[in-house]
J.: 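Below is the structure I would like to discuss, written out as structure tokens.
This one's a predicted model, so the numbers in the text were calculated from it and none came from an experiment.
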Amino acid sequence: MSWKPEVEGIEARRELARKLGGSEAVDTQHAKGRLTVRERIDALIDPGTLREQGPIAGQPEKDDEGRLTGFSAANYVLGLAKIEGRLCAVGGEDFTQKGGSPSPAGLRKSVFAEELAIRYRVPLVRFLEGGGGSVPRAGKSGGGGQGGGEGLHSSPRFMSIMRVMAEVPVVSAALGPVAGLPASRLVASHFSVMTRKTAQILVAGPALVARARKIEMTKEELGGAKVHARSGVVDNLAVDEADAFAQIRRFLSYLPTNVEQPAPVIPCDDDPGRREEELLSIIPRDRRKAHKIRHLIEMITDRGSFFEMTSGFGRGLVAGLARLNGQPVGIMANDPYFYAGAMSAEGAQKVTRFVDLCDTFHLPIVSLVDEPGFMIGPDAEKQATIRHGTAALFSVMQSTVPWVSVILRKVFGVAGAAHFGPGGHILAWPSAESGALPLEGGVAVAFRREIEAAEDPEAKRREIEERISSQRDPYARAEGFGVNDMIDPRDTRAALCDWVEWIQPRLAEHLGPRAYTVRP
């Protein structure tokens with residue numbers, strides 16, 4: 001006698017599980033412009049590579065004779081699969097059942113997602129859609145055999161969420177309404193993305209906000225894309241789900257599989273010695289005029305390789321990943337179009353998180369410096385800019401990856417130190433200038449009485465600034481060996497690609513997890 005009936009029972013449960021919440025629920029999901037979790041996984045991974053974990057986890061329905069009549073699958077789909085040829089853990093809530101609020105087996109599978117990535121030391125991708133829990137029905141206990149309520153197990157769950165970020169790349173995508181624990185999981189990621197029109201991210205939904213705070217708002221008003229493009233909760237926005245999948249694949253392409261491995265270097269057909277004539281004049285001689293830093297970045301990195309992150313948060317600083325002769329690097333740079341590139345409280349938080357990302361995954365950091373200093377004024381003080389700024393300095397000083405800093409224009413004040421890592425290589429353009437204060441601030445302080453006594457104070461101030469500026473010696477820093485070299489801006493790419501070659505032995509020396517001391 002064979003085990004064929006039992007084997008057929010396995011396939012029957014798998015077939016029912018693949019139907020998710022049923023055709024009507026799937027149609028409703030599609031009508032809202034959202035894919036199902038299985039469709040999302042299939043769209044992201046290499047075809048045919050999914051090895052599902054717990055495919056028949058769920059609640060069976062049987063007749064009086066014990067025959068299977070129905071099956072409610074766990075509303076979390078999880079598995080191992082390949083993305084661009086690399087093994088990853090991939091999982092997400094099934095919104096077609098209970099609006100993504102976890103069933104007992106679904107909760108167990110969601111908790112296991114981080115454990116799976118840790119066990120096999122592979123990147124983790126989460127598709128998030130749903131709330132963190134469901135309201136128990138009358139007469140039902142949350143702590144029964146099916147494993148409900150938040151008990152002593154909740155602490156280990158957050159332990160695994162914390163551990164996975166220290167060991168492998170973690171990516172989360174908000175593709176529908178996300179609240180409660182899933183929202184916490186979203187931010188516990190190295191890269192997060194949300195769709196512009198179909199996703200909202202909330203600590204609590206409108207009904208609870210209305211009851212607790214007496215504020216009436218829609219989900220979109222509370223936590224839509226317009227809110228979180230600037231809040232720093234997500235790194236990037238996506239036009240649609242297909243764009244989100246493309247961004248996930250691209251982000252992962254710069255990172256190693258885990259912290260024990262180096263970042264993947266790819267063949268490069270972009271000449272390391274490429275010289276862009278435009279770089280010679282990209283920094284205006286007029287100190288009050290700004291330059292386009294993203295265009296500058298594109299000219300010195302491998303063509304088409306710059307992947308910007310968190311562009312709407314801390315807008316005085318640009319941060320992202322790129323390649324130099326195929327080597328993945330982190331790029332951070334001041335954007336003079338926002339507060340002249342000054343470091344705000346938000347910008348400082350952005351520096352801290354970005355440097356930690358690069359240091360965790362052994363990505364060398366390229367800092368393009370045009371730093372006028374910390375933001376000043378009452379708003380800056382209310383936002384605790386100096387505390388966040390000092391924490392950013394600590395993150396830089398505690399980093400172990402190689403740094404190269406290119407002083408494009410300004411480097412002033414305490415904030416300037418956030419652009420130079422320990423033992424970093426320093427290059428300067430002829431347009432570079434530095435000091436305790438920017439020229440404008442120094443003149444306003446040192447010549448205050450003379451300016452105030454002038455018939456036209458504004459004209460007097462400009463006259464003094466221009467006189468001092470004309471006396472500036474662009475070679476002094478290099479002649480005193482205050483930098484490793486002063487270079488023709490057109491040679492920046494070649495200099496950076498040389499540096500990438502020099503640091504290869506250092507990159508191999510510092511593999512493994514990171515640990516940091518307390519920060520302000």
Side-chain angles (χ1 to χ4, degrees), residues 275-276 278-291 293 296-297 299-300 316-318 324 329 331-336 340-343 351 355 364-374 389 392-393 396-397 399 402-447 464-500 502-503:
R275 301 175 92 238
E276 298 284 354
E278 189 178 348
L279 289 170
L280 191 60
S281 56
I282 196 168
I283 303 295
R285 282 191 174 272
D286 185 340
R287 302 174 73 260
R288 292 176 177 80
K289 291 184 178 179
H291 59 272
I293 188 61
L296 190 157
I297 292 170
M299 286 192 285
I300 63 176
L317 185 91
V318 172
L324 289 169
V329 298
I331 302 281
M332 52 182 276
N334 302 92
D335 187 350
M343 187 180 293
V351 169
V355 170
I365 297 175
V366 178
S367 179
L368 304 175
V369 190
D370 188 6
E371 178 62 74
F374 285 126
L393 294 175
V396 171
M397 294 303 110
S399 65
W403 281 69
V404 60
S405 302
V406 184
I407 307 173
L408 307 178
R409 200 176 211 176
K410 304 181 295 292
V411 52
F412 291 110
V414 176
H419 299 273
F420 302 89
H425 188 63
I426 304 175
L427 303 172
W429 284 10
S431 48
E433 55 182 288
S434 62
L437 286 172
L439 174 62
E440 292 82 359
V443 166
V445 172
F447 296 89
I464 296 172
E465 288 176 5
E466 290 169 4
R467 183 177 75 241
I468 294 176
S469 178
S470 67
Q471 296 169 355
R472 183 182 66 87
D473 183 354
Y475 310 106
R477 179 187 285 265
E479 290 170 346
F481 198 46
V483 296
N484 293 93
D485 197 9
M486 174 173 281
I487 61 172
D488 181 333
R490 294 169 294 184
D491 293 329
T492 304
R493 173 171 168 78
L496 294 178
C497 289
D498 282 346
W499 171 78
V500 158
W502 302 342
I503 64 173

J.: Hey, could you give me the CD1/CD1 distance between I331 and I365, rounded to the nearest 0.5 Å?
T.: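 Going from the CD1 atom of I331 to the CD1 atom of I365 covers 10.0 Å.
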
J.: Please report the closest heavy-atom contact between V411 and G416, naming both atoms and the distance.
T.: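 For V411 versus G416, the nearest heavy atoms are CG2-CA, 3.8 Å.
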
J.: Apply side chain to side chain contact (heavy atoms under 4.5 Å, CB included) to A495 and list each qualifying residue two or more places apart in sequence or on a separate chain.
T.: L427, I487

J.: Could you tell me which non-hydrogen atom of H291 sits nearest to which non-hydrogen atom of I282, and how far apart they are?
T.: CB-O, 3.3 Å

J.: Compare all side-chain heavy atoms of P430 with those of P489 and state whether any distance is below 4.5 angstrom.
T.: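 In short, these two side chains touch, coming nearer than 4.5 Å.
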
J.: Name all residues meeting the side chain to side chain contact (heavy atoms under 4.5 Å, CB included) criterion together with D491; count only those two or more places apart in sequence or in a different chain, and write none if there are none.
T.: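 Checked D491 against side chain to side chain contact (heavy atoms under 4.5 Å, CB included); matches are R275, D488.
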
J.: Under the side chain to side chain contact (heavy atoms under 4.5 Å, CB included) test, which residues partner D335, sequence neighbours left out?
T.: I293, R294, V318, Y337, F338

J.: Apply salt bridge (charged side-chain N to carboxylate O under 4.0 Å, His left out) to D485 and list each qualifying residue two or more places apart in sequence or on a separate chain.
T.: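 Counting only residues at least two positions away or on another chain, D485 forms no salt bridge (charged side-chain N to carboxylate O under 4.0 Å, His left out).
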
J.: Taking the six-membered ring for Trp, are H419 and W403 closer than 6.0 Å centroid to centroid?
T.: no

J.: Using modelled atom types only, decide if a donor and an acceptor are shared between the side chain of S405 and the backbone of I426 within a distance under 3.5 Å.
T.: no

J.: Mind checking the CD1-CG spacing from I407 to D370? Nearest 0.5 Å is all I need.
T.: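 Here the rounded value is 10.5 Å.
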
J.: To the nearest 0.5 angstrom, please state how far the CG atom of L279 sits from the CD1 atom of I300.
T.: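 With rounding to 0.5 Å, CG (L279) is 7.5 Å from CD1 (I300).
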
J.: In this structure, which one of K410, R477, R287 forms a salt bridge (Lys or Arg N to Asp or Glu O under 4.0 Å) with E433?
T.: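 Only one option passes, and that is R287.
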
J.: Decide yes or no on side-chain contact (heavy atoms from CB on, under 4.5 Å) for M299 and R493, but give the supporting numbers first.
T.: CA-CA 8 Å; M299 286 192 285; R493 173 171 168 78; over 6 Å; no

J.: If I compare all heavy atoms of A418 with all of M332, which pair ends up nearest, and what's the gap?
T.: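 Shortest heavy-atom separation between A418 and M332 comes out as O-CE, 3.7 Å.
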
J.: Is it the case that the side chain of R409 and the backbone of P284 share a donor-acceptor pair, with hydrogens and angles ignored and the cut-off at 3.5 Å?
T.: yes

J.: Looking only at heavy atoms, what is the nearest atom pair of N334 and G341, with distance?
T.: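 Reported closest heavy-atom pair: ND2-O, 3.0 Å.
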
J.: What is the distance from atom CH2 of W499 to atom NE2 of H425, rounded to the nearest 0.5 Å?
T.: 9.0 Å

J.: If you look at every heavy atom in A417 and V396, which pair is closest and at what distance?
T.: O-CG1, 4.3 Å

J.: In the structure I gave you, are the side-chain heavy atoms of N484 and V404 within less than 4.5 Å of one another anywhere?
T.: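 A side-chain contact under 4.5 Å is absent here.
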
J.: For M486, which residues count as a side chain to side chain contact (heavy atoms under 4.5 Å, CB included) partner, sequence neighbours excluded?
T.: Y475, A478

J.: E276: which residues meet the salt bridge (charged side-chain N to carboxylate O under 4.0 Å, His left out) condition with it, sequence neighbours left out?
T.: R274, R303

J.: Decide side-chain contact (heavy atoms from CB on, under 4.5 Å) for V366 and L496; before the verdict, give the C-alpha distance in whole Å, the side-chain angles of both, and the deciding distance to 0.1 Å.
T.: CA-CA 8 Å; V366 178; L496 294 178; 4.2 Å; yes

